[in-house]
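Keep in mind that this is a model prediction, so the values were computed, not measured. Here is the naming used below: chain letters follow the sequence lines, and residue numbers restart at 1 for every chain.
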Protein chains: 4
Amino acid sequence: MNSPQPGRPRDDRIDHAVPAAVRALLAEVGYGRFTVDQVAARAGVGKAAIYRRFGSKAEMVFASAVHDVDTGPVTDTGRLESDLRALICQVHDIMDTPAARVALPALIEALTADDTLRERLTDTFLASELADVREICERAHARGELADHVDVELAHLLITGPLIAALFVFHLPVGEQLLDEIAHSVYLTLTPTSCERLASPETR
Amino acid sequence: MNSPQPGRPRDDRIDHAVPAAVRALLAEVGYGRFTVDQVAARAGVGKAAIYRRFGSKAEMVFASAVHDVDTGPVTDTGRLESDLRALICQVHDIMDTPAARVALPALIEALTADDTLRERLTDTFLASELADVREICERAHARGELADHVDVELAHLLITGPLIAALFVFHLPVGEQLLDEIAHSVYLTLTPTSCERLASPETR
Amino acid sequence: MNSPQPGRPRDDRIDHAVPAAVRALLAEVGYGRFTVDQVAARAGVGKAAIYRRFGSKAEMVFASAVHDVDTGPVTDTGRLESDLRALICQVHDIMDTPAARVALPALIEALTADDTLRERLTDTFLASELADVREICERAHARGELADHVDVELAHLLITGPLIAALFVFHLPVGEQLLDEIAHSVYLTLTPTSCERLASPETR
Amino acid sequence: MNSPQPGRPRDDRIDHAVPAAVRALLAEVGYGRFTVDQVAARAGVGKAAIYRRFGSKAEMVFASAVHDVDTGPVTDTGRLESDLRALICQVHDIMDTPAARVALPALIEALTADDTLRERLTDTFLASELADVREICERAHARGELADHVDVELAHLLITGPLIAALFVFHLPVGEQLLDEIAHSVYLTLTPTSCERLASPETR
DNA sequence: GAATAAACGAGACGGTACGTCGCGTCTTAAG
DNA sequence: CTTAAGACGCGACGTACCGTCTCGTTTATTC
């Protein structure tokens with residue numbers, strides 16, 4: 001019926017070799033002195049094979065660096081703060097890969113000029129993270145830990161922002177304690193303080 | 001005594017004209033389609049004069065983008081939360097310049113490869129902001145709003161991180177309300193929760 | 001057997017278009033205000049394609065200026081003096097091209113520093129001209145016009161020297177009469193003088 | 001009367017040091033990789049002092065290379081051929097200086113673009129050499145060796161041409177024998193052959 | 001002797017061309 | 001129809017040199 005299409009099929013090994021070479025080179029030389037020809041040579045591949053798969057250098061880097069960000073479902077710890085803590089840890093693990101440490105800054109740079117890339121990021125990474133935050137909040141609301149209307153986008157910024165700043169801008173060491181503190185900060189921000197709850201429980 | 005130095009001195013007007021041209025061009029065409037020749041032409045200057053001052057295109061851009069970050073003293077509003085709000089606004093004003101919106105992502109990218117640049121950023125921008133945060137906290141402590149030991153670096157991350165993420169990564173609109181919310185979040189994180197205050201009012 | 005060589009082959013049209021553009025530009029603007037970018041633009045070619053063929057601007061110019069010096073066999077007029085006249089005319093035609101008038105002085109300059117270039121000139125142009133002179137002399141000898149041992153290199157200098165001096169050093173107009181006179185001078189120099197012939201007519 | 005003019009007078013040492021540096025550098029690196037800044041450094045002099053004396057790099061080189069070409073009167077040997085031989089030797093001595101071997105090719109190159117330079121050369125070097133040739137011919141005519149009307153310009157080309165070609169184009173060794181042969185060739189060309197004189201003494 | 005005026009070393013300046021490098025496309029022959 | 005190899009057009013890069021200009025200093029003549 002449908003002939004699997006004529007001609008030589010694409011080589012699956014290339015689909016793996018190229019992103020691997022990209023990550024290796026990113027870790028070695030960074031994004032600045034990073035060349036498509038180098039990637040081709042390293043992967044033992046022609047440039048045409050690369051450009052048949054990726055529309056541009058930026059796309060190639062982006063697709064190669066964040067190749068398996070399907071983080072799976074958010075672990076349910078039973079309490080809001082530790083759920084947040086788990087999510088933050090998950091995000092951190094994605095960002096602190098050797099390849100990601102150089103690819104994400106490059107991605108940030110590329111985003112300023114490339115609207116398509118920006119849209120794609122919004123639709124995939126951002127959407128998925130917002131969904132995760134929303135899920136956590138809904139679970140907390142179901143448990144009565146949280147009011148029904150929380151600003152999910154704000155929460156997302158409070159979670160990712162400090163991580164991005166620490167990792168990619170100020171290049172500070174990011175330890176467990178910092179993740180705890182960020183989680184606690186978000187928790188405090190999302191939950192009405194005891195004081196408010198005690199003082200005016202009916203105002204809401 | 002010691003002759004100031006032989007030869008024709010550097011032209012002061014160029015020292016101003018080049019960064020101005022850089023900022024204008026960054027705002028107009030972005031970092032991607034940004035040319036040293038364009039800068040030279042715009043500034044009415046030869047390329048040699050530029051490369052005599054900056055080692056590379058990147059250095060020129062970064063040195064030009066953050067030209068007057070000496071934001072002066074932090075306004076004292078009398079209350080911690082509004083002090084934080086003012087500081088956040090200050091930081092935001094620096095970052096939301098047309099030139100900065102395109103230069104800072106490029107700077108972030110460059111930081112991953114250039115240790116010197118990283119040090120320079122740490123010693124200037126980061127140090128100055130940490131000092132600002134510290135000053136605000138000390139004033140709050142003097143007023144009795146704050147415990148004596150607060151994590152200034154954490155506070156700094158909580159302030160700048162969400163701004164950076166919103167402006168440069170997710171390209172979200174940053175309005176007054178968001179600045180309010182960030183300030184509130186930092187305030188909540190720094191101050192002991194009501195609950196704790198209620199539980200141990202005499203510890204002060 | 002041996003694969004002709006991998007990859008895209010050099011474009012033959014460029015091999016012709018570039019020298020043509022060089023000659024056109026040399027004739028138009030001279031060697032002084034002559035730009036590689038202009039050549040590239042005129043030939044509809046990238047600079048890389050040029051530098052893939054020629055190691056430098058100078059190489060490109062010289063290789064382009066003397067593109068078809070294979071002047072074919074020397075015309076046989078049946079008499080030594082008119083043979084010489086024909087050869088001188090041939091040499092003059094090569095040197096008085098618009099392109100050659102500006103390229104050859106530059107070539108002369110380059111020869112002082114570049115041994116390789118010098119060798120190449122010796123092996124091609126000089127060798128070919130010496131062969132021509134030798135052929136003419138041998139024909140004359142066969143006809144009995146000439147003694148058997150003539151100094152071919154001297155003859156060559158006497159032919160080309162005045163042309164070079166007139167065209168490239170003193171920039172004098174070179175008309176038919178001058179060519180006649182040079183030919184006559186060489187003829188006189190090569191042939192035994194009448195005096196000698198009168199004195200010893202039987203030596204032949 | 002004429003005040004020797006106010007202000008600091010020009011430094012005589014510079015007038016000597018610069019041409020000396022030019023000749024040294026020409027001999028060392030040739031004209032191609034020859035820099036005005038190098039000359040200034042070598043002579044221990046500022047560039048302004050150079051450009052106050054010479055209008056351009058080409059002028060400087062030209063004036064420095066042929067600085068003492070006042071060859072004095074032509075020796076009178078009593079016979080035309082040896083007079084020619086002496087003149088050729090004089091010309092050769094000028095051209096075969098280490099500095100001249102690189103400066104003259106550069107001068108030849110410069111002549112194609114610079115009309116002023118060409119005029120200057122014509123008015124000085126060429127005029128002086130033509131005068132020399134003319135003087136020799138007149139002496140020969142007075143002695144009865146020569147007819148009254150000889151083509152002085154042709155003679156000049158026949159003298160200088162082969163020298164220029166040998167020295168600057170083909171870079172052949174120029175020995176005493178070659179000078180002899182050139183002199184003989186010119187002699188033959190200038191003097192009517194015995195045959196002609198014998199055959200038709202009255203045709204002239 | 002002070003003022004003037006030109007020349008000096010040093011080196012920055014505008015301009016222009018150089019030769020290199022990278023991107024993304026195209027063109028071969030081979031599979 | 002894909003592949004490896006590599007040439008292609010384009011365009012920016014950073015360097016080099018020219019000839020000019022500005023400094024502060026030095027050296028002579030003129031008031």
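By the 4.0 Å N-to-carboxylate-O rule, D:D123 lies too far from D:R120 to be salt-bridged with it. At a threshold of 4.0 Å, the pair B:D15-B:R53 counts as salt-bridged, since one of the basic side-chain nitrogens sits closer than that to a carboxylate oxygen.
Look at D:R10 and you'll find a side-chain N or O under 4.0 angstrom from OP1 or OP2 of E:dA7. Listed pair D:R53 / E:dC8 meets the phosphate criterion, a side-chain N or O lying under 4.0 Å from OP1 or OP2.
Mapped onto DNA chain F by nearest heavy atom, D:V36 and B:P9 fall at different nucleotides, with D:V36 at the one closer to the 5' end. Toward the 5' end of DNA chain E, the nearer of the two residues B:A43 and A:S56, judged by each one's closest nucleotide, is B:A43.
One can place CG of D:D37 at 12 Å from P of E:dA10, the figure rounded to the nearest angstrom. Computed from coordinates, the D:K47 NZ to F:dC18 P distance equals 7 Å when rounded to whole Å. Here the C1' atom of nucleotide F:dC23 and the CZ atom of B:R8 are 8 Å apart, to the nearest Å. C:K57 places its NZ atom 16 Å from the C1' atom of F:dT15, with the value rounded to the nearest Å. Rounded to whole Å, atom C1' of F:dT15 lies 15 Å from atom CZ of D:R33. Taking atom CZ of residue B:R52 and atom P of nucleotide F:dA16, one finds them 12 Å apart after rounding to whole Å. If you take CG of B:L25 and P of F:dA12, they are 12 Å apart, rounded to a whole angstrom. Atom-to-atom, CD1 of A:I50 to C1' of E:dG22 comes out at 14 Å; the value is rounded to the nearest Å.
Across every non-hydrogen atom of A:E109 and B:Y31, the tightest pair is OE2-CD2, 3.7 Å. Closest of all the heavy-atom pairs between A:G55 and A:E59 is N-OE1, 3.4 Å.
Residue A:A49 has its side chain nearest to F:dA4 when only E:dC18, F:dA4, F:dC8 are considered. Listed nucleotides F:dC10, E:dC8, E:dA10 differ in distance to D:A48; the shortest reach to its side chain belongs to E:dA10. Comparing atom distances between the B:I14 side chain and each of E:dC13, E:dC8, F:dA4 picks out E:dC13 as nearest. Distances from the side chain of B:Y51 to the nucleotides F:dC13, E:dG9, E:dC13 place F:dC13 closest. In this structure, the nucleotide among F:dC18, E:dG15, E:dC18 sitting nearest to the side chain of D:T35 is F:dC18.
Nucleic acid contact class of B:F54 (heavy atoms, under 4.0 Å, all strands): none. Counting any heavy atom pair closer than 4.0 Å across all strands shown, D:G55 reaches no nucleic acid atom.
Partners of C:V39 according to the side chain to side chain contact (heavy atoms under 4.5 Å, CB included) rule, which considers only residues two or more places apart in sequence or in another chain, are C:V18, C:A21, C:V22, C:L25, C:F34, C:I50, C:M60.
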